[in-house]
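Since the model is a prediction, treat every value here as computed from it, not as a measurement. Ligands are counted one by one from 1 in listed order, and the atoms in each one are counted from 1 as well.
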Amino acid sequence: MRKFDKIEKPKLISVTCNCCGRQLKVENGELKEGCFAGRQAFGYFSSMDGEMHSFDLCEACYHELTKQFCIPVLIEQMTELV
Ligand SMILES: [Zn+2]
(Lines give C-alpha, C1' and ligand atoms only; values in the text may rest on other atoms or scores of the structure.)
Protein backbone atom coordinates (compact mmCIF):
# COMPACT_ATOMS: atom_id res chain seq x y z
CA MET A 1 0.00 0.00 0.00
CA ARG A 2 1.55 3.24 -1.12
CA LYS A 3 0.76 6.75 -0.02
CA PHE A 4 1.73 9.82 -1.98
CA ASP A 5 1.90 13.47 -1.04
CA LYS A 6 -0.67 15.03 -3.38
CA ILE A 7 -0.16 18.64 -2.30
CA GLU A 8 2.83 19.16 -4.57
CA LYS A 9 3.94 16.88 -7.38
CA PRO A 10 3.32 13.22 -6.50
CA LYS A 11 5.97 12.19 -3.98
CA LEU A 12 6.11 8.81 -2.31
CA ILE A 13 5.71 9.29 1.44
CA SER A 14 5.20 5.74 2.69
CA VAL A 15 5.03 2.10 1.65
CA THR A 16 3.40 -0.44 3.94
CA CYS A 17 3.57 -4.20 3.47
CA ASN A 18 -0.02 -5.34 2.96
CA CYS A 19 0.76 -8.71 4.55
CA CYS A 20 2.55 -7.86 7.84
CA GLY A 21 1.79 -4.14 8.05
CA ARG A 22 5.44 -3.11 8.40
CA GLN A 23 6.42 0.33 7.11
CA LEU A 24 9.19 0.03 4.56
CA LYS A 25 12.08 2.49 4.47
CA VAL A 26 11.30 5.55 2.33
CA GLU A 27 13.68 8.51 2.13
CA ASN A 28 13.18 11.65 0.05
CA GLY A 29 10.34 10.07 -1.89
CA GLU A 30 12.34 6.97 -2.77
CA LEU A 31 11.78 3.40 -1.56
CA LYS A 32 15.06 2.22 -0.01
CA GLU A 33 14.49 -1.52 0.33
CA GLY A 34 13.26 -4.44 -1.70
CA CYS A 35 9.52 -4.64 -2.28
CA PHE A 36 7.17 -6.68 -4.44
CA ALA A 37 4.60 -4.38 -6.04
CA GLY A 38 1.58 -6.31 -7.31
CA ARG A 39 -0.89 -4.56 -9.58
CA GLN A 40 -3.56 -6.19 -11.73
CA ALA A 41 -6.46 -4.82 -13.75
CA PHE A 42 -9.13 -7.49 -14.06
CA GLY A 43 -11.06 -7.62 -17.29
CA TYR A 44 -14.19 -9.01 -18.87
CA PHE A 45 -13.55 -12.72 -18.29
CA SER A 46 -12.91 -12.26 -14.59
CA SER A 47 -15.43 -12.24 -11.74
CA MET A 48 -13.62 -9.03 -10.70
CA ASP A 49 -14.25 -7.31 -14.04
CA GLY A 50 -13.46 -3.61 -13.92
CA GLU A 51 -11.44 -3.76 -10.71
CA MET A 52 -7.80 -2.74 -10.23
CA HIS A 53 -6.06 -4.58 -7.40
CA SER A 54 -2.71 -3.47 -6.00
CA PHE A 55 -0.58 -4.38 -3.01
CA ASP A 56 2.99 -4.27 -1.76
CA LEU A 57 4.93 -7.00 0.03
CA CYS A 58 8.17 -6.67 1.98
CA GLU A 59 10.87 -9.17 1.02
CA ALA A 60 10.19 -11.42 4.05
CA CYS A 61 6.48 -11.72 3.18
CA TYR A 62 7.32 -12.21 -0.49
CA HIS A 63 9.54 -15.18 0.43
CA GLU A 64 6.88 -16.63 2.76
CA LEU A 65 4.25 -16.38 0.03
CA THR A 66 6.30 -17.67 -2.87
CA LYS A 67 7.78 -20.65 -1.00
CA GLN A 68 4.24 -22.09 -0.94
CA PHE A 69 4.12 -22.22 -4.74
CA CYS A 70 4.19 -25.72 -6.24
CA ILE A 71 6.16 -24.27 -9.17
CA PRO A 72 9.01 -22.04 -8.03
CA VAL A 73 9.25 -18.41 -9.08
CA LEU A 74 11.25 -18.01 -12.28
CA ILE A 75 14.42 -16.13 -11.36
CA GLU A 76 16.58 -14.58 -14.03
CA GLN A 77 19.66 -12.44 -13.55
CA MET A 78 19.29 -8.93 -14.93
CA THR A 79 22.24 -7.39 -16.73
CA GLU A 80 20.96 -3.86 -16.17
CA LEU A 81 19.48 -3.03 -12.81
CA VAL A 82 16.46 -0.72 -12.77
ZN1 LIG B 1 5.67 -7.93 5.17
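With rounding to the nearest 0.5 Å, the separation of CE in Met1 from OG1 in Thr16 is 4.0 Å. To the nearest 0.5 Å, atom CZ of residue Phe55 and atom NE2 of residue His53 are 10.5 Å apart.
No donor-acceptor distance shorter than 3.5 angstrom exists from the side chain of Glu33 to the backbone of Leu24, with no hydrogens or angles considered.
Between Cys35 and Glu59, the closest heavy-atom pair is N-CG, 4.4 Å. The two residues Arg2 and Leu31 have their closest heavy-atom pair at NH2-CD2, 3.9 Å.
The hydrophobic clustering, which links ILVMFWY residues whose side-chain heavy atoms are closer than 4.5 Å, places Phe36 and Val73 together.
Protein N/O/S atoms found under 2.8 Å from the Zn ion (ligand 1), listed by chain and residue number: Cys17 SG, Cys20 SG, Cys58 SG, Cys61 SG.
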